[in-house]
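Some notes on the structure that comes next.
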Amino acid sequence: MEFTAEHEQFRKVVRSFIETEINPYVDQWEEDRIFPAHELFPKLAAIGAFGLEYDEEYGGQGADHSYTLVFAEELGYTTHCAGVPMAIAVQANMATPSLHRFGSHDLKMKYLKPAMEGEMVCSVAISEPDAGSDVAGIRTRAVRDGDDWVINGRKMWITNGTQADWICLLARTSDEGGFQGMSQIIVPTDTPGFSVGRKIEKMGNHSSDTAELVFEDVRVPVTNTIGEIGTGFQQQMMQFQDERLVGSYMAAMGARRALERTIEYLRMREAFGKPLLANQYLQYNLAELIAEVDMLIVYNREAARRFANGENVTREATIAKLKVGKLARQVADAVVQYHGGMGYAEENWPARYLRDVRLIAIGGGADEVMLRILSLLEGMGKK
Amino acid sequence: MKIAVCVKQVPDTWAEKKLTDADRTLDRESADGVMNELDEYAVEEALLLTEASGGEVVAVSMGPDKAEETVRKALQMGADSGIHIVDDSLHGSDAIATSLVLSKVLADKGFDLIIFGSESTDARMSVVPAMVAERLGVPQMTFANKVEVAGETLKIQRQTEYGYDEVESSTPAVVSVVEKINEPRYPSFKGIMAAKKKPIETVTVADAGVDAGQVGLAAAWSQVDQFSERPPKAAGVKIEDDGSGGVKIAEYLSEQKFI
Ligand SMILES: Cc1cc2nc3c(=O)[nH]c(=O)nc-3n(C[C@H](O)[C@H](O)[C@H](O)COP(=O)(O)OP(=O)(O)OC[C@H]3O[C@@H](n4cnc5c(N)ncnc54)[C@H](O)[C@@H]3O)c2cc1C
Ligand SMILES: Cc1cc2nc3c(=O)[nH]c(=O)nc-3n(C[C@H](O)[C@H](O)[C@H](O)COP(=O)(O)OP(=O)(O)OC[C@H]3O[C@@H](n4cnc5c(N)ncnc54)[C@H](O)[C@@H]3O)c2cc1C
């Protein structure tokens, strides 16, 4: 990926936005267990952070994927937590790509445009209490009644779930079973029968709200279906590519920043009559991690280039997601270790970093799921 | 309404500012250049005024090659075009020379308003707007925290220590703004793209009709003969509270003439 002067200028704007509009509030939002999406998103929309790759007609920016890369990298690098970036990425790259790719004009005008303008907050709901890794095992069902779907079921772990205005829902719309007969349906959260079952307390990403959602005879028009009825699973698998790539862009740069901050700390902190950083043992371990993070950043940028070219990047997205999940755990462990007691103290950033990055290897498809996909792509194993 | 906004590139607010050993002028290479913070408010005000009642905004900066970034930033925020005054002879110019060049460039271009920040973060003289107004022979409406234009009448609230004065003048006029006036926007993605195509005119001292002998370090009315690094921060006074902590703090503050 070649960055132009405009990419760098946009990066600067995003950085100063995060430093002014997000970072000063992160501690409070972490404590509150939620950030005010309806206040923050319009401001993000004003700098053009949402829908970078989407058509201008639908509130997008008409750019290409390279700007999504820059935005996600900067979110990961600069933000003092992972919860808010995740919530932003849900809106920008996880709940909306299918709608942009496959949605009807009317559906996009009604839901995509206001979301990209920051007026509406959205979620993507796939996981359920009894099915996460195995997406083909979901049970939430939409039954057709005339021109409506009548939806029943539960969704679990839904990011932005307590404050969303609409949900990109994956539901069964036929009895075919397996990965057949699913559809993506937009469900406005003010529809009768929809409710937030509970807000889930988590070990990290505290500033992001996560909810269990309940659907009881929720009635929405069949025209709320994104794309073809019955192709929801396939559309969602495509949507996962955006999600996994963006997740990797953010987390790789987050790891880079964590290592930089650790080096700064070790330079200042003295032990045994010299700065801690003077220990070659620490230098080499950090250099090793920096090398791995570098490889990932470059891999990510190449994946982004291919994606921007319209290539199928299932393989790249899978590998990036797998690697970043593992690497971030290693980095977090070193970061906490090298900060000593300061790393374990709740008031310092390494503790939050350790908790936050643990999610990467689970959310958006666990490491083992990535290994499963890669094994299949490599001709090993059976579907 | 045709509005000029004067924007200065200054070293990043948080960066350590240094003078060069060679000629004791500001070392502009060692720190990232950014738009002087108050000038962002000036740009915002110009944009708000023209968005409300139509018109055109021209961003003007005098500074080295790099200062084009600052003109560009004004264009990214929404200004229509830029003028970058760049010339080797300008290096080391004082406020008198700066105001001379700016006023020559700004004169006779039909601007209804010329908006400035009220102070730069590097030199902090807070005099350029007044000097430009004087040279152009137009009213100087400085330290505005509110600006209203109706026809050819300009009204501002002039920030004072105790509140504000309401001041009225005719246009054209020079205005300088304080940070209470508005909330500057960030350049947006579309703003960045649009700015690529907006024109920036490059102007030399000769183009401005100024004699090179009147500007630059040699012509400056004040001169930096020597300078020294800021001494490192001394350790503060530590007062152990053995019951008399309050008294000791009061004594210390009184010694320092704070109370
Ligand atoms: C903070 C947070 C936010 C989330 N946000 C969303 C959201 O917005 N929308 C949404 O739909 N979901 C969301 N999720 C859910 C997330 O995608 C799932 O948790 C994830 O896909 C794993 O599913 P599961 O929790 O059901 O784990 P399970 O499917 O029960 O798997 C448990 C573990 O088993 C192992 N495993 C799974 N499959 C295999 C296999 N084939 N071979 C070997 N080992 C295997 C893995 O280690 C896995 O972690 C979120 C989760 C969290 C924690
Ligand atoms: C380290 C240092 C060394 C200096 N050395 C000397 C010296 O040796 N001799 C000497 O005479 N002077 C020297 N100066 C003074 C300095 O050059 C002048 O103060 C400066 O040219 C203009 O004044 P200001 O930045 O204080 O403007 P202010 O009056 O504080 O600025 C008010 C507003 O004027 C506008 N403005 C100011 N400058 C520009 C510009 N270049 N282009 C566009 N708009 C502008 C902006 O809108 C700004 O917000 C030195 C200053 C510094 C920081």
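Chain identifiers are assigned alphabetically (A, B, ...) following the order of the sequence lines, protein sequences preceding nucleic acid strands; residue numbering begins at 1 within each chain.
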Please check if atom CE in M1(A) has more than 12 non-hydrogen atoms from other residues, nucleotides or ligands closer than 6.0 Å.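 Counting neighbours around CE of M1(A), more than 12 heavy atoms of other residues, nucleotides or ligands fall under 6.0 Å, so yes.
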If you count every heavy atom of other residues, nucleotides or ligands that lies below 6.0 Å from K2(B) atom NZ, does the total exceed 12?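 For K2(B), atom NZ is crowded (more than 12 foreign heavy atoms under 6.0 Å).
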All donor-acceptor atom pairs under 3.5 Å, backbone and side chain, chain B-chain A:
unit_1	atom_1	unit_2	atom_2	d
Q76(B)	NE2	Q9(A)	OE1	2.8
Y186(B)	OH	E21(A)	OE2	2.8
F189(B)	N	I47(A)	O	2.9
K190(B)	NZ	G60(A)	O	3.4

Between the side chains of E148(B) and K155(B), is the shortest nitrogen-to-carboxylate-oxygen separation below 4.0 Å, so that they form an ion pair?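 Answer for the salt bridge query: no.
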Can you tell me which residue among V177(B), I181(B), N145(B) is in a side chain to side chain contact (heavy atoms under 4.5 Å, CB included) with Q159(B)?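 Of all the options given, the one that passes is N145(B).
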For S99(B), enumerate each residue passing the side-chain contact (heavy atoms from CB on, under 4.5 Å) test, keeping only those at least two apart in sequence or located in another chain.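 For S99(B), the residues satisfying side-chain contact (heavy atoms from CB on, under 4.5 Å) (neighbours in sequence not counted) are M131(B), V132(B), R135(B).
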Below 4.5 Å from any heavy atom of chain B, which atoms of A63(A) appear? Answer side chain, backbone, both or neither.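 Backbone plus side chain of A63(A), per the 4.5 Å heavy-atom cut-off to chain B.
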Quick one: does N36(B)'s side chain have a donor or acceptor within less than 3.5 Å of a partner on K8(B)'s backbone?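 Checking the backbone N and O of K8(B) against the side chain of N36(B), no donor-acceptor pair under 3.5 Å is found.
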